[in-house]
Amino acid sequence: MSHMLLRLDGLTKSYPGVLANDAVSLQIAPGEIHALLGENGAGKSTLVKMIYGLVKPDSGTMMLNAAAYTPAEPRAARSAGVAMVFQHFSLFEALSVAENVALGMESPPQLGQLARRIREISTQYGLPLDPARRVGDLSAGERQRVEIVRCLLQDPKLLIMDEPTSVLTPQEVQILFRTLNQLSHEGTAILYISHKLEEIRTLCDRATVLRGGKVVGHADPRAKTAKELAELMVGAELKVTDRAGRVLGEPLLRVTDLDLPAITQFGPSLKSVHLTLRKGEVLGIGGVAGNGQEELLAALSGERLSPPGTVMLRDQDLSRLGPNPRRKHGILAAPEERLGHAAAPAMSLTYNAILTGTVRKPLTRNGFVNFAAARRFAQDIIAQFDVRTPGPDVAARALSGGNLQKYVIGREVLQSPDVLVVNQPTWGVDAAAATAIRQALLDLAAEGAAVIVISQDLDELMEISDNFAALNEGRLSAPRSTADLTMEQIGLMLGGAQDMDPPAPQTEAALQ
Amino acid sequence: MITLVKRPQPSQFWSWATPILAVIATMIAGGLLFAALGKDPIEAIKAIFWDPILGQNAGYFRSQLLVKAGPLILIACGLAIGFRAGIWNIGAEGQYIIGAICGAWLALRVYPAESAWLFPAMIALGALGGLLWALIPAVLKVTLGVSEILVSLMLVYVAENLLAYVAFGPLRNPDGFGMPGSRNLQQYDAAHNPELIAGTGMHWGVVAALIAVIFTYILLHRHIAGFRIRVAGEAPRAALFAGVVPTRLVVICLGLSGALAGVAGLFEVAGPSGQITDSFNAGYGFTAIIVAFLGRLHPVGILLAGLLMALTYIGGDVAQLRLQLPPAAIQCFQGMLLFFLLGFDVLTNYRVKFAGAA
């Protein structure tokens with residue numbers, strides 16, 4: 001390998017108590033799409049931050065185009081031809097696309113000229129974008145295009161992309177992949193960070209796997225199965241979730257014509273949501289975040305009430321009941337936000353067991369808390385769900401995200417619900433824990449409960465759910481059996497199709 | 001740049017050690033203040049903390065300790081419950097005044113009838129007065145979303161004007177030769193809140209304060225309702241998820257703290273003070289805020305903090321008398337205590353990080 005664009009040699013970076021990167025070596029050829037794989041905490045972010053000049057390595061060398069490369073700050077990295085698109089966008093919602101792009105440039109040209117350049121680049125790479133539109137009105141996919149176009153204007157030699165597809169619909173993913181392939185053909189190398197293994201298998205030429213800060217292997221992702229890649233990442237054999245043993249029974253939960261105004265000014269309202277959930281069923285609800293997921297969970301958990309007759313469990317009308325009466329009737333929930341919603345951060349795990357457990361578990365006597373019983377319940381959750389923590393007296397926020405998620409899901413599952421509603425059950429959770437959580441949900445359904453899994457991870461939904469429905473701008477599509485559903489159809493259900501069209505002319509006119 | 005990083009699990013030890021540190025720091029800074037005023041700092045600190053308990057004439061001062069601590073503890077217990085829930089009743093002073101006026105009104109109205117029921121009825125009316133006064137900010141918050149902090153605070157000044165009005169008007173002693181102020185309830189047996197054990201300063205208000213401490217402890221640390229109150233303060237969304245109804249919580253917390261402040265006012269007007277005058281209120285309602293925080297919003301801590309603050313009140317008087325320290329210097333001294341406490345609290349809950357090296 002004589003001509004390499006980027007050559008990393010023995011990069012090491014340690015933080016107090018952690019060796020984030022341990023002698024990482026890596027080579028990227030021009031035009032190569034190189035995947036960086038690893039679990040949370042494997043050291044992917046630290047590595048790319050060093051390449052992008054955000055973090056200085058303790059030791060090791062970097063070479064860019066056969067010259068020593070030591071970016072002191074992102075600006076230096078950018079002028080050397082390294083650009084990065086972050087997972088979380090840094091855009092001003094109140095400004096237009098062009099203004100946002102200008103803000104990220106060293107010496108921006110005049111706005112009109114810049115707008116022309118944006119239009120050129122975006123058509124050239126198949127990323128339709130109107131420079132005059134306000135970022136606040138754009139979808140997540142369009143916002144990402146702003147970030148990408150901002151990078152492309154600098155004509156980068158290496159483009160780093162951190163989890164770019166986590167906010168995209170399948171159709172948007174296809175558009176993005178076409179762009180990335182085009183860039184690669186033109187000689188731009190791409191360092192692609194993701195934990196979505198199927199994507200990496202379709203897109204990337206080579207993969208480097210990190211585990212515990214070390215490079216544990218290189219692979220040709222096209223020659224490996226997703227399972228093999230995952231096992232390389234985790235360093236252990238992965239259990240496959242077992243869907244067997246479930247029989248769909250009689251209808252349990254019925255949501256009829258549920259309308260609910262938005263919680264926040266920018267949130268979506270629920271519009272005429274219908275769904276029927278049967279005993280033993282796992283219903284997957286997909287959709288890009290912010291399309292009514294939180295609202296739907298709140299309407300089912302009882303945090304928000306709805307008109308009479310809209311939420312029925314068996315023959316009981318639960319629409320006007322708060323969370324605790326609903327728990328009594330058997331409907332439990334685990335919200336997405338672990339710290340501050342599903343759990344009280346500063347309180348111990350014992351107290352967090354009391355948070356939702358008093359209705360179905362004998363944790364109180366005449367309103368007085370039975371601390372011994374609550375502690376035992378907390379210990380049960382810790383033991384049965386393999387929560388890594390010194391004990392039930394530890395504050396919830398001292399747990400890692402994955403461990404707290406296992407605790408939160410375990411707390412609800414061990415209360416033997418009839419219906420369990422979970423939102424993003426494996427978000428930010430490592431692969432082994434995610435598998436354990438999915439299996440727990442499937443086991444619960446096998447015992448005759450019904451489960452609603454709201455998730456952005458379509459692979460996850462396809463893996464565990466019997467039926468799939470999509471939530472888009474507060475509307476829930478009719479559920480369909482996952483057995484005969486293609487990714488293409490799912491994409492259409494998610495309503496991503498409208499994002500592929502160039503911006504509608506009336507929006508442009510409205511702005512002027 | 002200096003940034004504060006939240007500690008995942010603040011040390012239990014430091015959360016209880018900071019009040020003691022705060023007292024020591026206040027002594028040092030207060031000493032410097034007194035020195036700047038040209039007084040001997042050691043003498044002044046001794047006058048505040050030592051003389052009331054162990055100096056000359058300590059017999060008199062010691063009984064004053066319970067007299068002052070009683071209302072502080074009683075009010076602070078109620079405030080602590082609300083503060084735990086993130087509901088900020090800053091107007092206990094006003095609820096204290098209204099409680100006193102309502103209870104005293106009943107006694108003055110039926111004077112000179114003697115009945116065993118009178119005193120209990122006055123207590124009930126005192127509680128009701130404080131409760132209703134505190135429900136004004138509660139209702140405004142629940143219906144219109146008005147800040148309870150501002151409304152409860154502003155109602156203190158309304159209550160003070162009301163107090164001046166009744167002291168000079170409707171409740172003025174008809175046999176008082178035109179002097180402002182009501183009849184002295186100390187001379188009206190059925191309405192009098194007497195010293196229960198001679199020389200201790202112990203009256204029914206002190207008994208009520210002790211009961212309030214026990215009640216608050218059970219509520220906050222043993223009962224599910226107290227748990228919900230604490231969750232509401234720490235993580236409001238988690239509280240909703242746990243089934244807490246925020247509006248109900250606002251009404252309960254403000255009502256309860258108002259009732260306790262009202263009762264404290266009643267015990268004061270029927271006991272140590274004896275009469276309604278325009279200067280009847282002595283700032284207990286505000287000082288109780290310091291007591292609540294100094295006591296870590298924990299009933300046992302409040303008990304100790306109430307005694308300590310009572311000591312600074314009495315010691316402040318001693319220092320004024322003996323060293324001619326201005327009253328403002330004493331108030332400043334009490335304020336420093338809260339300042340240092342909150343300052344040290346930040347360090348208990350956060351780590352200071354000097355940025356630069358990432």
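Side-chain atoms are counted along with the backbone in the values below, which use heavy atoms only and exclude waters and symmetry mates. In what follows, chains are A, B, ... by sequence order, proteins preceding strands, each numbered from 1.
Within 6.0 Å of CZ in Phe86(A) there are more than 12 heavy atoms belonging to other residues, nucleotides or ligands. Annotation for Arg320(A): atom CZ counts as buried by contact number, over 12 foreign heavy atoms lying within 6.0 Å. By the neighbour-count criterion of 12 heavy atoms within 6.0 Å, atom CH2 of Trp427(A) is sparsely surrounded, having that number or fewer from other residues, nucleotides or ligands.
The contact between Arg230(B) and chain A is made by backbone and side chain atoms together, counting heavy-atom distances below 4.5 Å. Interface remark: Phe371(A) contributes side-chain atoms only to the contact with chain B (heavy atom separation under 4.5 Å). Residue contact with chain B, scored on non-hydrogen atoms closer than 4.5 Å, involves the backbone of Asn366(A) exclusively.
Leu240(B) and Glu303(A) make their closest contact through O-CG, 4.0 Å (heavy atoms, listed as atom of the first residue, atom of the second, distance). Closest non-hydrogen pair, Ile224(B) versus Val369(A), comes out as N-CG2, 3.8 Å. Closest approach of Arg237(B) to Gly340(A), counting heavy atoms only: CB-O, 3.3 Å. Taking every heavy atom of both residues into account, Arg327(A) and Phe241(B) meet most closely at NH2-O, 2.6 Å.
Residue with the most contacts toward chain B among Leu339(A), Asn352(A), Ile354(A): Ile354(A) (heavy-atom pairs, distance under 4.5 Å). The candidate with the highest count of non-hydrogen atom pairs below 4.5 Å against chain B, out of Pro335(A), Ala343(A), Gly357(A), is Pro335(A). Note on Ala342(A), Ala333(A), Pro323(A): by heavy-atom pairs under 4.5 Å with chain B, the leading option is Pro323(A). Taking chain A as the reference chain and counting heavy-atom pairs below 4.5 Å, the highest number among Gly243(B), Ala239(B), Ala238(B), Gly226(B) is found for Ala238(B).
One finds the CG atom of Asn324(A) at 5.0 Å from the CZ atom of Arg228(B) (value rounded to the nearest 0.5 Å). Phe227(B) contributes atom CZ, which lies 11.0 Å from atom OG1 of Thr364(A) (distance to the nearest 0.5 angstrom).
Below 30°, between 30° and 60°, or above 60°: for Phe368(A) and His223(B) the angle between ring planes is above 60°, a perpendicular geometry.
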